[in-house]
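Proteins come first, then strands; the chains are lettered A, B, ... in the order of their sequence lines, and each starts at number 1.
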Amino acid sequence: QKEVEQNSGPLSVPEGAIASLNCTYSDRGSQSFFWYRQYSGKSPELIMSIYSNGDKEDGRFTAQLNKASQYVSLLIRDSQPSDSATYLCAVNKGAQKLVFGQGTRLTINP
Amino acid sequence: KAGVTQTPRYLIKTRGQQVTLSCSPISGHRSVSWYQQTPGQGLQFLFEYFSETQRNKGNFPGRFSGRQFSNSRSEMNVSTLELGDSALYLCASGPGPRREETQYFGPGTRLLVL
């Protein structure tokens with residue numbers, strides 16, 4: 001079992017709709033979770049961090065964490081074509097070691 | 001505030017050669033981590049340095065090494081290059097040692113081994 005798992009997609013969502021990206025992790029002791037966005041040919045860019053159970057909102061983005069289910073999600077409201085990218089879920093394993101999922105490729109269709 | 005910088009941005013080497021990549025973290029950041037990204041394996045952790053000390057190392061052979069200088073700049077070295085070392089090498093910087101602190105990535109160095 002991989003430490004961090006994501007559906008690789010591609011996930012196709014119409015413009016203006018909500019995109020929902022999911023991630024599960026295996027280490028129940030994990031405490032810090034991150035979502036990065038990566039455009040093709042570019043480096044990962046931080047979108048959200050979340051540490052506590054519940055929702056965390058930042059603009060059109062909402063991260064959700066459920067430690068009991070070992071589940072992290074990212075919701076993108078009012079999806080725009082510029083949101084088309086690969087979204088990476090990451091878990092901090094200590095001493096700044098991030099373990100990443102394989103990424104979900106998201107396409108927003110105009 | 002300037003972001004993370006990495007040099008060189010692109011590199012072509014042949015098998016058996018060695019390569020040194022450089023990373024300058026965000027001003028004030030003391031933690032530098034290195035990652036390898038390939039289409040098949042995704043993003044994988046190489047090692048992390050804080051205050052010139054390697055605190056964590058990923059599952060890579062000893063051909064991969066690194067160091068950090070007193071100004072927090074870091075270098076990684078790959079010796080005896082193999083075709084499979086072709087990848088995007090990413091450096092990330094963070095403020096310090098705490099687990100919950102965010103890491104910010106540089107633009108990466110794209111290495112092609114022929």
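- Contacts between Gln38(A) and chain B at a heavy-atom distance below 4.5 Å involve the side chain alone, from C-beta outward.
- Few gaps surround CZ on Arg73(B); more than 12 heavy atoms of other groups in view lie less than 6.0 Å from it.
- For a residue to count as touching a neighbouring chain, one of its non-hydrogen atoms must lie under 4.5 Å from one of that chain's; by this rule Phe33(A) does not touch chain B.
- Of the atoms belonging to Leu90(B), it is side-chain heavy atoms, and not backbone ones, that fall under 4.5 Å from chain A.
- If you measure heavy-atom distances from Phe47(B) to chain A, you find no contacts under 4.5 Å at all.
- By the neighbour-count criterion of 12 heavy atoms within 6.0 Å, atom CG of Asn59(B) is sparsely surrounded, having that number or fewer from other residues, nucleotides or ligands.
- No salt bridge links Lys13(B) with Glu82(B); every basic N to acidic carboxylate O contact stays at or beyond 4.0 Å.
- Residue contact with chain A, scored on non-hydrogen atoms closer than 4.5 Å, is absent for Gln44(B).
- Looking at Leu74(A) and Tyr87(A), their side chains come closer than 4.5 Å, going by heavy atoms from C-beta outward.
- Hydrophobic clustering (side-chain heavy atoms under 4.5 Å, transitive across Ile, Leu, Val, Met, Phe, Trp, Tyr) groups Phe45(B) together with Leu88(B).
- With a threshold of 4.5 angstrom between heavy atoms, Leu46(A) approaches chain B through side-chain atoms but not through N, CA, C or O.
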